[in-house]
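All values below were derived from every heavy atom in this structure, side-chain atoms included, with hydrogens, water molecules and symmetry-related copies excluded. Computed from a predicted model, the values in this text were never measured in an experiment. Proteins get letters first, then strands, A, B, ... in listed order; numbering begins at 1 in each.
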Amino acid sequence: MTNTPEAPEKGKDFIRLIIDKDNQTGKYDGRVHTRFPPEPNGYLHIGHAKSICLNFGLARDYQGKCNLRFDDTNPVKEDVEYVDSIREDVTWLGFTWDANFYASDYFERLYCIAELFIKMGKAYVDHQTPDEIRANRGTLKEPGTDSPYRDRTPEENLALFRSMRAGELADGACILRAKIDMAAPNVMLRDPALYRIKHANHHRTGDAWCIYPMYDFTHGLSDAIEGITHSICTLEFENNRPLYNWCVDTLMEGLRMPELFGRNAAIYEELAALPGFNERPYQYEFARLNITGTVLSKRKLIQLVQEGHVLGWDDPRMPTICGFRRRGYTPASIRDFCERIGVAKSDSTVEYALLEHCVRQDLNDRAPRYLGVMDPVKLVIENYPEDGLDEFTMPLHPEDESMGTRVVPFSRELWIERADFMEDAPKKFFRLSPGREVRLRFAYYVTCTGFDKDADGNITQIRATYDPETRGGWSKDGRKIKGTLHWVSAAHAVQAEVRNYSNLFSCENPNAVGEGKCFTDYVDPNSLEVLPRCWVEPALADMEPGVNFQFERTGYYCSDSRDHAPGDKLVFNRTATLRDSWAKIQKNMA
RNA sequence: UGGGGCGUAGCCAAGUCGGUAAGGCAUCAGGUUUUGGUCCUGACAUUCGAGGGUUCGAGUCCUUCCGCCCCAGCCA
């Protein structure tokens with residue numbers, strides 16, 4: 001691992017503790033080699049980010065290595081579109097793999113290993129139908145029944161398996177099964193399938209194969225081939241671990257039986273020399289990530305996209321990596337989140353608030369500030385000259401001068417936020433109201449002198465006077481001004497479309513909906529709010545797509561990567577609101 | 001008594017050979033502030049799923065019980 005972000009400084013998780021122990025005992029000679037092994041059948045989500053940060057982070061912290069390996073053993077579900085997106089997302093998160101492999105790289109070796117298993121009497125070809133196999137597997141509490149084909153000779157099995165590979169059999173005609181124990185209490189061990197026939201085109205190997213290895217057979221062997229030391233996956237694979245071990249151990253045993261090698265001897269000898277088959281990898285499981293208010297399973301995410309509940313995989317409301325990217329989340333904020341949630345074995349659901357905290361913290365430091373009015377109402381400065389103009393040079397960041405400045409024009413007519421004015425304001429309201437004085441950010445103090453309404457009672461315009469002695473938003477007499485409003489000069493403002501996002505789901509846990517309900521029933525149609533006519537300061541007109549910034553007093557935003565066109569159509573996505581203690585006060589008053 | 005895991009605050013999560021419950025988020029209360037932002041300070045588990053036992057001493061050891069998650073794809 002090279003080129004990776006800063007290391008964390010906190011209590012170690014159980015996996016790091018295991019590695020420490022391995023290093024102390026001299027296991028693997030101090031080598032640490034992990035891998036991130038996605039199946040390219042969908043887009044990566046924040047749950048994958050946890051795994052990515054763990055696996056690549058381990059390599060970083062222990063001066064080890066981490067591979068990217070596509071687990072592409074099921075061609076009908078996979079596609080290059082997904083492998084491309086996965087590579088892009090891992091890279092965007094800030095990680096660099098030491099090697100990029102595919103399970104399909106190992107198809108020939110895997111096939112030879114299967115032949116060896118057959119010769120060892122550890123695998124057989126089963127001609128039972130899927131229904132029969134299911135019926136004979138037994139139940140969780142009752143043992144299974146041996147297949148009538150279980151005692152075929154190695155010679156017979158070898159011939160059959162070769163005809164499977166040769167394409168002489170139809171899909172589903174038979175499978176290759178491990179010969180373990182049909183009465184095993186762990187159902188995974190009741191003669192699991194190793195190979196199935198699928199006359200399907202594979203995104204990488206094309207039509208070279210019509211049989212494909214199963215996950216359990218492939219995974220541990222691929223790990224060993226790559227010299228992986230610590231194979232980390234999620235909790236639901238705990239039951240698979242004995243099978244993982246069986247596959248690796250059985251091969252290691254077979255590799256010591258050269259009398260069985262036959263014409264593929266070269267391949268077996270090569271495997272036998274690999275570090276992974278001398279000091280084999282071990283699998284460890286951690287709890288997958290859950291976050292309140294969203295779903296994190298590929299199946300559900302696909303459903304949201306396909307049924308049109310969202311606008312695509314990168315819809316900013318999606319918990320996908322590309323969704324967060326488009327929303328304006330930074331790689332550093334997601335990494336920080338993954339560090340903070342920890343790695344453990346208990347099922348847990350992290351509050352979305354933590355993720356929001358992480359972006360806010362990151363963006364607070366690095367996002368330049370701008371002024372933009374979301375819900376505009378006109379403010380006329382009555383004592384300001386009709387053709388007057390001020391140009392204020394404002395810092396792009398209040399605590400970081402190095403970020404520089406920009407110039408913001410000021411004139412007689414301004415746009416301010418409708419919510420910043422109240423006709424009859426309570427005492428705690430620090431904004432504009434008849435007779436009250438507020439500061440216009442970095443401009444002047446203004447005092448409200450009145451307002452106008454239309455026939456329906458809507459406020460059409462607010463009137464005020466300004467104090468020329470307060471230029472820059474500061475006064476010599478030191479009088480206290482509690483409220484500071486953002487504003488934009490009506491004559492100079494640029495129009496923009498602002499897209500505000502809130503929770504995609506209207507319930508806290510869309511994974512556990514009531515009887516007869518579907519999680520999609522809880523998709524909130526108001527989770528996307530489009531404000532087509534906002535007024536923003538001119539400095540924003542030429543902003544490139546994909547740039548993070550803050551609209552002061554409002555929130556963190558990001559120019560949209562798809563629809564934002566500098567100098568033409570401005571489109572800004574809300575990444576997160578600012579924390580809003582005024583909202584809390586209002587809530588408490590109500 | 002199918003098998004495999006897990007249970008420390010509202011949410012995550014440290015807790016190594018038993019020695020008297022880290023940290024973060026959220027929440028609440030103050031202070032600073034030209035963003036009701038940021039920042040700073042303080043509060044927030046007499047108790048670790050429950051009971052029993054061993055011990056001078058138990059979140060850690062023993063034991064019984066309870067609760068939750070995973071497994072019966074020719075998916076991963």
Residues forming a side-chain hydrogen bond (donor to acceptor under 3.5 Å, both in side chains) with [X], sequence neighbours excluded:
X	answer
A:Tyr212	none
A:Ser475	A:Asp477
A:Asn157	none
A:Glu168	none

Check your understanding: According to the salt bridge (charged side-chain N to carboxylate O under 4.0 Å, His left out) rule, which pairs have a member within residues 354-376 of chain A, sequence neighbours left out?
Key ->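 Counting only pairs at least two positions apart or across chains, the salt bridge (charged side-chain N to carboxylate O under 4.0 Å, His left out) contacts touching residues 354-376 of chain A are A:Glu356-A:Arg360, A:Asp362-A:Arg366, A:Asp375-A:Arg418.
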**Study point:** A:Gln303 backbone acceptor or donor facing A:Gln306 side chain under 3.5 Å
**Key:**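 Not confirmed, A:Gln306 side chain does not pair with A:Gln303 backbone.
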Would you tabulate the pairs of protein nitrogen or oxygen atoms and nucleotide nitrogen or oxygen atoms of nucleotides 39-42 of chain B closer than 3.5 angstrom?
none

Check your understanding: What stem regions, each of at least 3 consecutive Watson-Crick or G-U pairs below 3.5 Å, can be found for RNA chain B?
Key ->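 If one scans RNA chain B for consecutive Watson-Crick or G-U pairs, the stems found are B:2-7 with B:66-71, B:10-12 with B:23-25, B:27-31 with B:39-43, B:49-53 with B:61-65.
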Is [X] touching bases, backbone alone, or none of the nucleic acid, heavy atoms closer than 4.0 Å?
X	value
A:Arg369	base
A:Tyr370	nothing
A:Lys298	nothing

What's the closest nucleotide to the side chain of [X] if the choices are [options]?
X	options	value
A:Gln550	B:U35, B:C74, B:A13	B:U35
A:Met214	B:G5, B:C74, B:U35	B:C74
A:Lys198	B:G37, B:G15, B:C75	B:C75
A:Leu578	B:C75, B:G37, B:A76	B:G37

Point to revise | Pairing residues for A:Val187 by the side-chain contact (heavy atoms from CB on, under 4.5 Å) criterion, not counting sequence neighbours | key: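 Once residues adjacent in sequence are excluded, the partners of A:Val187 under the side-chain contact (heavy atoms from CB on, under 4.5 Å) criterion are A:Arg137, A:Leu140, A:Arg190.
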Those residues that, when tested against [X], pass ring pair (Phe, Tyr, Trp, His ring centres under 6.0 Å) (two or more places apart):
X	answer
A:His48	A:His45
A:Tyr466	A:Tyr384, A:Tyr444
A:Tyr557	A:Phe551

**Study point:** Chi-based syn or anti call at B:G73, which uses purine or pyrimidine torsion atoms and a 90° bound
**Key:**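 Nucleotide B:G73 adopts syn.
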Review point. How close or far is atom P of B:C74 from atom CZ of A:Arg196, stated in whole angstroms?
Key: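 Whole-Å distance recorded here is 9 Å.
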Point to revise | Sub-4.0 Å heavy-atom contacts from residues 233-243 of chain A onto RNA chain B, ordered by number | key: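 When residues 233-243 of chain A is checked for heavy atoms under 4.0 Å from RNA chain B, the hits, listed by number, are A:Glu236, A:Phe237, A:Glu238, A:Asn239, A:Asn240.
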